[in-house]
Undergrad: 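To start, I am sharing the structure in question, which I have written as structure tokens.
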Amino acid sequence: MARVYNFSAGPAVLPEEVLKEAAEEMLDYRGTGMSVMEMSHRSKAFDTIIKEAEQDLRELMNIPDNYKVLFLQGGASQQFAAIPMNLMKNKVADYIITGQWSKKAFQEAKKYGNVKAIASSEDKTYSYIPDCSDLDIDDDADYVYICENNTIYGTKFKELPNTKGKTLVADVSSCFLSEPVDVTKYGVIYGGVQKNVGPAGVVIVIIREDLITDTPLEGTPTMLTYKTQADADSLYNTPPCYGIYICGKVFKWIKKMGGLEAMKAHNEKKAKILYDFLDQSELFKGTVVEKDRSLMNVPFVTGDADLDAKFVAEAKAAGFENLKGHRTVGGMRASIYNAMPIEGVEKLVEFMKDFEAKNK
Ligand SMILES: *Cc1c(COP(=O)(O)O)cnc(C)c1O
């Protein structure tokens, strides 16, 4: 068995310990005589799995009691519609556009109301986070929307926007559980788990209870109504059971590692190794404004598309997988999520140094 260093942006690397445990429990989950894939979502065993997962997540993120935690399907992209459908009372929302994911969310929301882009970094290929300290926020805005960590471009909001009292909604797909977070600053925090938390198929929505309405926009499907899901504790229909089970194991792994403070230290250490190298390299260059750099996704280029392709191919042959940049931006991107060991980043930098020496 040979595990590679997997720098995929998502689905992405998971802790080896979690995968091993899941493998051990594959045929007989704790004396039930069946796999978690095979059991009823109404069974006692699964009830314990989902309740423990929620409890562990609440502890990790310090989620207050007036927030619901929902384990849903449809990925982050489904929430692009669910959010306006459930949160629009005035049918007004303001979006901050820092990349493709917020742009997609913005375009989807436009179907449901009067939606404005109040800031954008599109002018410089989303290589920075715009100043959000004094934006022109609509008095009637039902919410202000951000994508907190921009997976494709490698930027992160280090400071949340000043929403002037309006509800903040954040897509945290690619920075979920990567560092401590003050949940009380948000109305909704949500993310697809396949970047940093678990296997594709689960999206977690953390929502303040007063935002859960009986009266979403007319025509909102039952399944997309947060109230349906909240009232049923995410068991309105069959949830993504196996995915939730793996997420639960990842939560326990993070707790064992010391929680989100420890994750942050671990992630800062890894990112520093890579950014420090990029900053002094004569061949490779980071593409993001320094103060807005993500701890999770690190895009870089050589400035020569052919050399980029050569690097990606040689890196792959050396056991560093998925370093090709997003198809819309080219270059390279190393995603260094929670489960990427420090050693993986150290070895990548060694490989880059070697490549640089040979290709200068
Ligand atoms: C990957 C990603 C998405 C899309 O997730 P899906 O689950 O595939 O819909 C949305 N937002 C961010 C920030 C992402 O990284």
Side-chain angles (χ1 to χ4, degrees), residues 6-14 70-85 95-109 111 117 120-122 125-130 143-158 160-161 168-179 181 186 188-207 223-224 229 234 239-240 242-244 246-247 250 267 288 292-299 322 324-329 333-340:
N6 180 7
F7 294 92
S8 172
V13 58
L14 287 168
L70 308 176
F71 295 97
L72 307 177
Q73 307 194 46
S77 302
Q78 179 110 291
Q79 296 304 312
F80 297 170
I83 285 158
M85 286 177 138
Y95 278 63
I96 297 171
I97 314 296
T98 52
Q100 218 181 82
W101 296 119
S102 36
K103 195 170 180 180
K104 280 191 171 162
F106 167 66
Q107 280 160 348
E108 185 73 11
K111 293 184 176 180
S120 169
S121 53
E122 193 168 7
T125 334
Y126 303 116
S127 57
Y128 69 103
I129 298 289
Y143 60 90
V144 174
Y145 182 101
I146 62 167
C147 177
E148 194 161 329
N149 184 81
N150 295 282
T151 326
I152 297 172
Y153 304 94
T155 59
K156 159 101 204 285
F157 280 84
K158 302 290 166 77
L160 294 174
L168 179 64
V169 174
D171 173 358
V172 299
S173 295
S174 50
C175 58
F176 224 155
L177 302 178
S178 64
E179 56 184 282
V181 48
Y186 305 79
V188 179
I189 305 180
Y190 79 94
V193 304
Q194 73 272 24
K195 308 292 161 67
N196 208 18
V197 182
V202 184
V203 56
I204 296 175
V205 177
I206 300 163
I207 178 169
M223 280 286 291
L224 293 191
Q229 304 288 357
S234 305
Y242 198 78
I244 293 168
I246 299 291
C247 290
V250 172
N267 289 326
V288 169
D292 299 326
R293 284 170 167 175
S294 166
L295 292 181
M296 299 279 96
N297 311 98
V298 183
N322 293 313
K324 196 167 183 303
H326 190 267
R327 58 197 152 80
T328 59
V329 292
R333 171 180 49 176
S335 294
I336 49 175
Y337 296 118
N338 286 350
M340 172 59 63

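Just follow the structure's listing: the first ligand is 1, and inside any ligand the first atom is 1. Atom set for the values below is all heavy atoms of this structure, side chains included, hydrogens, waters and symmetry mates excluded. Throughout, numbering of the chain's residues begins at 1 and tracks the sequence.
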Undergrad: Can you figure out which of N196, V203, D171 has its heavy atom closest to atom 12 (C) of ligand 1?
TA: D171

Undergrad: For atom 8 (O) of ligand 1, find the nearest protein heavy atom and state the residue, atom name and distance (0.1 Å precision).
TA: Q194 NE2, 3.4 Å

Undergrad: For atom 1 (C) of ligand 1, what is the nearest protein heavy atom, given as residue, atom name and distance?
TA: K195 NZ, 1.5 Å

Undergrad: Which residue holds the protein heavy atom closest to atom 5 (O) of ligand 1, what is that atom called, and what is the gap in Å?
TA: A76 CB, 3.5 Å

Undergrad: Among N297, N196, N6, which residue meets the side chain to side chain donor-acceptor pair (under 3.5 Å) test with Y337?
TA: N297

Undergrad: Of all the heavy atoms in E148, does at least one lie under 4.0 Å from an atom in ligand 1?
TA: no

Undergrad: Indicate the ring-plane relationship of Y143 and Y95, choosing parallel, tilted or perpendicular according to the 30° and 60° boundaries.
TA: perpendicular

Undergrad: Should you measure from each heavy atom of T151, which atoms of ligand 1 turn up under 4.0 Å away?
TA: 12 (C), 13 (C), 14 (C), 15 (O)

Undergrad: Is it the case that N267 and S178 place a side-chain donor and acceptor less than 3.5 Å from each other?
TA: no

Undergrad: Just checking, any donor-acceptor pair under 3.5 angstrom between side chains of T155 and D292?
TA: no

Undergrad: When the ring planes of Y190 and Y145 are compared, do they come out parallel, tilted or perpendicular, using 30° and 60° as the limits?
TA: tilted

Undergrad: With only distance considered, is Q78 within less than 3.5 Å of ligand 1 through an N or O on each side?
TA: no

Undergrad: Which of these passes side chain to side chain contact (heavy atoms under 4.5 Å, CB included) with V144: L160, I96, V169?
TA: I96

Undergrad: With sequence neighbours excluded, what pairs up with K156 under the side-chain hydrogen bond (donor to acceptor under 3.5 Å, both in side chains) test?
TA: E179

Undergrad: Can you list the ligand 1 atoms lying under 4.0 Å from a non-hydrogen atom of C147?
TA: 13 (C)

Undergrad: Starting from atom 9 (O) of ligand 1, find the nearest protein heavy-atom neighbour and note its residue, name and distance.
TA: S77 OG, 2.6 Å

